[in-house]
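As C-alpha cells, the structure follows; a few thoughts come after it.
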Amino acid sequence: MNLDILRHSCSHIMAQAVKAIWPDIKLAIGPSIEDGFYYDFDKEAPFTDEDLLKIENKMREIIAADEKFVRAEISREEAIKLFQSLKEDYKVELINALKDPKVSIYRTGDKFVDLCRGPHLGSTAEVKAFKLLSVAGAYWHGIETNPMLQRIYGTAFLNQKDLDEYLKNLSEARLRDHRKIGPALGLFDIYHEEAGAGLVFYHPKGAILRNLIEDYEKVEHLKRGYQMVTTPHIMQSGLWKKSGHYDYYKDNMHIFKIDEQEYVLKPMNCPGHILIYKSQTRSYKDLPIRLFELGTVYRHEKAGVLHGLLRVRGFTQDDAHIFCLPQQLCAEIEGVIDFVFDTLKVFGFNNWEIELSTRPKDYIGSEADWQSATEALENALKAKGLKYDINEGDGAFYGPKIDIKLKDALKRSWQCATIQCDFALPKRFGLSYVDNEGKEKQPIMLHRVLLGSLERFIGALVEHYNADFPLWLAPVQMLIIPINSSVFEYAKKVKSTLKAAGLRVDEDKSNETLNKRIRNAELNKIPYIIVIGDKESAAGTVAVRKKGQGNIGVMKLEDFMQEVKEEINNKQ
Ligand SMILES: [Zn+2]
Ligand SMILES: [Zn+2]
C-alpha cells in the first residue's frame with residue numbers, strides 16, 4: 001500500500017468526521033504531506049484537544065463501517081451546482097479554477113462528498129493506524145489577506161507498530177531539540193539580542209566540536225587530492241554581476257559601499273575560487289583542480305524563516321569547486337558521492353535520501369548544456385547503483401544538482417551534501433585550459449559541499465546523538481573527581497599527563513558528594529569519569545567509570561590511556 005494514498009484517504013475520513021459533528025463547517029483542502037496529512041477547515045475558533053478526540057472517535061466509527069471510496073465523474077457545471085447546494089464555497093472556487101470539462105468527486109458513506117482527483121483506498125476499513133497530531137491556523141491558498149482557516153495535522157501508518165515508533169520519535173525529537181540542548185550543555189547560542197538574529201556564537205565546548213569536524217575535513221580533503229584556499233569575505237559587486245549572482249540572487253546578498261565603490265559580503269564561495277583558477281594558465285595535465293575552503297558566507301534570510309542552526313544568516317560551508325575535463329566529469333561526481341558517504345558514516349549517519357534537481361524557471365546557460373549536465377549527474381548515480389528521486393525544477397540557476405539528505409536516529413532528514421554541475425560560470429568568466437593540441441578549451445566546473453552548512457550539520461549531529469557524542473567527538477572526554485584534598489596533588493599529575501597526551505579532560509574539585517559529582521558528569525554526557533582516592537594515589541592508578549557501563553575497574557594510568565586512544569582512533 002502506498003503511504004501517500006493511505007494518508008490522503010485518511011484526510012478524507014477526517015473531513016467526513018468533522019462534517020458529521022459540525023455540519024456547518026466548510027471544507028478547504030486536505031493533501032498528504034511528508035509524514036502525514038492535513039485538512040483545512042473554515043471555522044473561527046481553533047479546534048481544541050477535546051475536539052480532536054471527538055473527531056478521532058468519529059473517524060474510528062467511519063473506519064469500522066467499512067465505507068467504500070466511490071469515484072464519479074461529473075461535468076463542471078454539475079459539480080459547481082452540487083457544491084453550491086452543499087454551501088462548500090471553497091470547493092466551488094477550486095472547480096471554477098479548473099479548466100477540464102469534467103471533474104471527479106469521491107463519496108464515502110451516504111452524505112460525504114469531496115472534490116478530488118484521487119486516488120484513494122478502496123475502503124475506509126483499510127486504515128489500520130492513524131493519529132491526529134496538532135492544529136494550526138493557515139490562510140486560504142497561503143495568502144495573508146485571505147480568510148484564516150483551521151488546519152488539523154494527522155498521520156497514518158500501515159500498522160500500529162510503525163505509528164507507535166513514529167509517535168515515540170516525535171516526542172523524543174522535542175526533547176532533543178538542538179535549540180534547547182545546545183545552550184544547556186554550553187555548546188552554542190543564537191540568541192544575543194544585541195548582536196542580531198540568526199547569528200551563531202560557539203561557546204568553548206561547541207567550538208571544540210566544530211574544530212574537530214573542520215580538522216577531520218581538512219585532513220581528508222588533502223588526502224583526496226583537494227587543495228585548500230582562503231578567499232576574502234568582501235569582493236566588489238562587478239564580480240557578482242559577472243557571476244550572475246547580482247541578477248539572480250540579489251535579494252539574499254548584503255551590498256554596501258566603500259569609497260563609492262560597491263561591495264558584496266560573500267553569499268557564496270564560487271567567484272573567489274574562480275579567480276584563483278584564472279590566475280594562471282592551466283594545462284589539461286593539471287586537471288582536475290579541486291579547490292577547497294571552509295568558507296563563511298552571509299545571506300539575507302527573512303526573520304520569519306530563521307530557525308535554530310538550520311536557517312541562520314551567517315554560516316560556514318565545506319565548499320569546493322572542481323575544474324575538470326569533460327571526460328573526467330563522471331569520475332569526479334562519483335568521487336564526490338563516495339566522499340559524502342564516507343564522511344557521513346564517520347559521523348555516525350548510515351541512512352540517506354538522494355534527489356536530483358533539474359532546471360528551474362530562471363536559469364542561465366543553454367538548454368543543451370543543462371541536458372548534458374543533468375545526464376552526467378544521473379549517470380554517476382546510476383553507476384553507483386543509488387536510488388534517487390527527481391526534483392523537477394529545483395536546480396540552482398546555474399546548473400542541475402544532486403542533493404543528499406542524511407537521516408538521523410529519529411528518521412528525520414536533514415539537507416547536507418550538494419553536487420552541482422555548472423557549464424555556465426566557466427563561460428561567463430572565460431575559464432580555459434590548454435588541451436593536448438595547444439588549443440584553449442573550457443573546463444567543466446562542479447560546485448560541491450559534503451556536510452553543507454557546518455551550522456546545520458552540528459544541529460543534526462546534536463539531535464542525532466542527543467548530544468551524547470562518541471568519545472572522539474565529545475567536547476569533554478573525561479572528568480577527574482578527586483575524593484578529598486589529600487589527593488589533589490596526584491589528581492593534578494594525572495590531569496597534566498592526560499592533557500599532554502592530547503585528551504580533553506576536566507576536573508571537579510567541588511565539595512559535592514562523590515555521587516552528586518558523578519551524577520553531574522553523567523548529566524553533562526561525559527564519556528569517562530576518573531575517580532581518585534587515597535588508594536589510587538598510593539598505587540599510581542585510576543578508578544574508571546564509563547558512560548553506559550558504570551564502574552569498569554581500577555587500572556594503571558598508561559593502560560587507561562592506551563584503551564582510550566584506541567577508541568578515539570577508531571572514531572568511536
Ligand atoms: Zn482525495
Ligand atoms: Zn559554488
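Every number for a ligand or one of its atoms is a count from 1 in the order of the listing.
Using cut-offs of 30° and 60° on the angle between ring planes, the pair F69 and H120 is parallel.
To the nearest 10 degrees, the Zn ion (ligand 2) sees ND1 of H447 and SG of C270 at an angle of 100°. Taking the Zn ion (ligand 1) as the corner point, the angle from H12 atom NE2 to H120 atom NE2 is about 90° (rounded to 10 degrees).
If you look at H8 and ask which of its N, O or S atoms sits nearest the Zn ion (ligand 1), the answer is NE2.
Neither side chain, Q150 nor E44, offers a donor N or O lying under 3.5 Å from an acceptor on the other.
Using a 4.0 Å cut-off between a side-chain N of Lys or Arg and a carboxylate O of Asp or Glu, D114 and R107 do not qualify as a salt bridge.
Not less than 6.0 angstrom separates the ring centroid of Y363 from the ring centroid of Y398.
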